[in-house]
Amino acid sequence: MPYGTTLALAIRDVDLHVKENNKAHSTEEISTKRLIVRRGQNFQLTLHTSRQFKPDADELFFTVETGTWPSEAKGTRCVFGLGETNAKSGWTAQVQDSDNSSVTLAISSPANACVGLQTLIVKVGSQNAISKPVANLTVLFNPWCTDDSVYLQDEDERQEYVMNENGLIYRGSSDRMGPMDWDFGQFEEDMVDICLKLLDMNPKCLRDAAEDVSARCNPIYVGRVISAMINANDDRGVLVGRWSAPYSGGVAPTQWSGSVDILRQWYKKRCAPVNYGQCWVFAGVMCTVMRCLGIPCRVVTNFDSAHDTDKSLTIDSYYDENGLRAKDSRDSVWNFHVWVEAWMKRPDLSRDSTYDGWQVLDPTPQEKSTGVYCCGPCPVKAILEGHTDMKYDAPFVFAEVNADQVSWIVGEDGSERRLDTDTRTVGKNISTKAVGKNRRQDLTNNYKYSEGSERERDVFEEAVRRGDMERPILPSSLEELEELGNFPEIAMKLAEKKQAAVGEDVELTLVLHSEHQTSQELSVKVNAQAMRYTGVPDSLVWRQERDIQLQPKQDLEISIQIPYSAYGSKMLGNNSMKVSALVFSKQDLWESYLAEKNIVLEDPTLIIKAPSTCHQYMEMTVELMFHNPLDSPLRHGLLRLSGSGLVRDTMLISVPHLPADHRVRLQIPISPYRVGKHKLVANFDCSALRDIKACCDIEVLPHLVLNGNGFH
């Protein structure tokens, strides 16, 4: 070698500083073994070299690639040098430190980088030199980065909507709401690979992978893809929807308590759909995927949620002359419906921030959107103002929270007679989990102005106009009803005497009040139907018919008692019982009145007890207790125990027989494996009771290490 010649620089090894980088990027919950970073934020790596790095003499060139067919034109491949910024892509590399045998670099991705698996390649000397792949990294969205389109300013909200693995999903009815604990488990180490696989299996990627991967810089696109892929209706999506028994060949939707088992099953079975889901399951799984990828997300429940099939913003409900709900109406009002909201900017809709913020995304396969079973993202702000001309699916979402409901009587000859027009029922108590607290936050005012207000009616008309809908001519106020000669001269109200628990008789009161000047001869028909939560009647439970005389200006109270023997078997697998009272005037058969009440039964109590803290990898005991409240034995009992960080695979414990009025007590050992605050969820299902749930919080502390003096 000639005197004065410098040996060529060679890279001998690379230190990715995984633990430090992942901690700085809030991804250490996912893994401390692989590099997972958030876009728009630099990460450190150290190149161990054959000699000291000389900035003035040594050149380093970098290439970052993602996807099967990386392309600079599509933004999936970027080449940049040390100390310079690629003007098109925004990737940069800067020297942080160096010594005789290493150089530490800060690599930064742009705030609009494509999310997913990326390969980092380094070339020494020139762009034509031999390349050396130095890192495989996963890039996620970054709600901490002000330039990222999913940036969320409040740290408490970031902790709730990105980092929290435990959630509450509200179910029941508008006057009987109840939270269900849900384990999102987005930081289980295999979840990020499963979520990226879900993106790779979407039909757009299978048709044109290069185009699809290049679009993964956009949370609008990614959210829409995930909405379609959570259901399996027109792709190799995750969940098959089923809204009534039997659930053979799968798991009943009510038995799921979290997303992890569902996503793992889909992944392990080579993307074969998992049986079965309903709206809260679809939404829970979607929230897991969104949070895992870094998009702030929350689960939202809308009570008395309309399913408008013809985009008329009107829901028609039909009753026969006995007061029974018809089964063949295409429109329906669900007791509740669950979707998700994701936080992102919407530059595609306006030049300013008018539609930025929370966006409705709904993975439940209800109606097609541009030919695919998905929904959203639709700005919540657009729904509030009736801007139904905004994409995506604004008319459908607006109807869910603000459609008018019209009730009809169908005669034996097929004739239809309007019973009532209700502008206030649809869209009540829109709910999500509060930030940092296990309680309900009401979001109704985000979606609609106060029912009955002039502003709310103006918005409704704006929605009709913008959506180019044919507005049905229906009375919408008491004044209009009175002008049409149909002012309600008899008032009716159904109320529960007390909340009924499973196994008890249901007791209600029907109160009638007449504004007529004379006594009225009335026929009262009361029906109770077991209902699916989607507003579809399943079977007749009980009925009663009687004639009464209602005096003017007086209240008449009628007691209603529905025995457990009548409803017990018919309520299995159904969410609620709808009690309807239909009243006809014997003087004028065209004068009729309707009152309804949704009855949600209170479940028996399942008790779960565990220490509030434990240590990683050390076995602990969980105790579960359940008392059979029925006067008959329970058979074929199955207890499911799950919880990310606590139980690696769902535990199934058989309870084959539990006599009447007896108690079962189980002690179950578990070995928590991930440090942090976690939730253990139990679900008990048997022959006569469906999916009784309980949960407890457990904080897992770092594992104890044995040294010469014992544990520390």
Side-chain angles (χ1 to χ4, degrees), residues 25-26 37-41 74-76 88-91 108-116 139-163 186 195 199 204 211-228 286-287 289-300 339-363 369-370 374-394 397-398 432 435 443 446-447 466:
H25 285 249
S26 300
V37 300
R38 299 188 185 275
R39 65 187 194 173
Q41 181 177 342
K74 292 185 179 297
T76 52
K88 184 176 181 180
S89 73
W91 282 87
S108 182
S109 64
N112 63 348
C114 296
V115 300
V139 177
L140 303 178
F141 291 102
N142 191 354
W144 284 266
C145 175
T146 55
D147 293 328
D148 196 310
S149 52
V150 302
Y151 171 66
L152 187 59
Q153 184 175 7
D154 188 271
E155 176 61 19
D156 289 340
E157 291 186 349
R158 289 193 292 253
Q159 290 301 315
E160 181 67 52
Y161 301 135
V162 180
M163 302 300 291
Q186 70 268 26
C195 294
L199 295 181
K204 294 177 181 179
E211 193 67 32
D212 174 81
V213 172
S214 72
R216 294 182 190 178
C217 61
N218 187 349
I220 302 168
Y221 178 85
V222 171
R224 193 157 171 80
V225 165
I226 295 170
S227 172
M286 182 165 185
C287 189
V289 177
M290 298 289 276
R291 288 185 182 182
C292 182
L293 295 178
I295 302 175
C297 188
R298 63 188 183 188
V299 177
V300 173
W339 56 71
V340 304
E341 289 178 358
W343 181 272
M344 63 186 73
K345 294 179 181 177
R346 292 303 301 270
D348 58 320
L349 299 182
S350 68
R351 294 182 179 179
D352 55 20
S353 59
T354 300
Y355 299 107
D356 292 354
W358 291 113
Q359 314 287 322
V360 171
L361 284 152
D362 191 349
S369 173
T370 61
C374 67
C375 180
C378 172
V380 174
K381 291 177 182 176
I383 302 306
L384 177 65
E385 302 298 340
H387 296 177
T388 50
D389 53 343
M390 293 294 107
K391 61 183 181 182
Y392 295 91
D393 311 302
V397 178
F398 184 89
T432 193
V435 174
L443 303 177
N446 291 4
Y447 282 85
R466 286 194 178 223

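Side chains included, hydrogens not; waters and symmetry mates left out as well; all remaining heavy atoms used.
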Quick one: does [X]'s side chain have a donor or acceptor within less than 3.5 Å of a partner on [Y]'s backbone?
X	Y	result
R38	V139	no
S214	G75	no
R158	L152	yes
T388	A394	no

side-chain hydrogen bond (donor to acceptor under 3.5 Å, both in side chains) partners of [X], counting only residues at least two apart:
X	answer
Q359	R346
W343	none
D352	S350, T354
Y447	W339, E341

Can you list everything that forms a ring pair (Phe, Tyr, Trp, His ring centres under 6.0 Å) with Y161? Sequence neighbours excluded, please. W358
Mind checking the [atom1]-[atom2] spacing from [X] to [Y]? Nearest 0.5 Å is all I need.
X	Y	atom1	atom2	result
M390	C378	CE	SG	10.0 Å
C114	R39	SG	CZ	8.5 Å
N112	N218	CG	CG	10.0 Å
Q159	D154	CD	CG	10.0 Å

Hey, does [Y] have a side-chain heavy atom less than 4.5 Å from the side chain of [X]?
X	Y	answer
S109	Q41	no
P377	V360	no
D362	V397	no
L349	P379	yes
Y392	I220	yes
S149	P219	yes
M290	L361	yes
L140	I295	no

Could you walk me through whether D348 and Y355 pass the side-chain hydrogen bond (donor to acceptor under 3.5 Å, both in side chains) check? CA-CA 9 Å; D348 58 320; Y355 299 107; over 6 Å; no
Which atom names give the shortest non-hydrogen contact between [X] and [Y], and what distance separates them?
X	Y	answer
C287	V299	CB-CG2, 3.8 Å
C374	S369	O-CB, 3.3 Å
G386	F398	CA-CE1, 3.9 Å

Show the numbers, then the answer: is there a side chain to side chain contact (heavy atoms under 4.5 Å, CB included) between W144 and H25? CA-CA 9 Å; W144 284 266; H25 285 249; over 6 Å; no
For [X], enumerate each residue passing the side chain to side chain contact (heavy atoms under 4.5 Å, CB included) test, keeping only those at least two apart in sequence or located in another chain.
X	answer
V213	T66, T76, R216
N446	R298, V380, L443
C292	Q186, M191, V192, C195
C145	A111, N142, D147, D148

Under 4.0 Å between a side-chain nitrogen and a carboxylate oxygen: does that hold for K204 and E211? no
According to salt bridge (Lys or Arg N to Asp or Glu O under 4.0 Å), who are the partners of [X], at least two apart in sequence or on a separate chain?
X	result
E157	none
D356	none
K345	none

Modelled atom types, side-chain donor and acceptor of R224 and T370, under 3.5 Å: yes
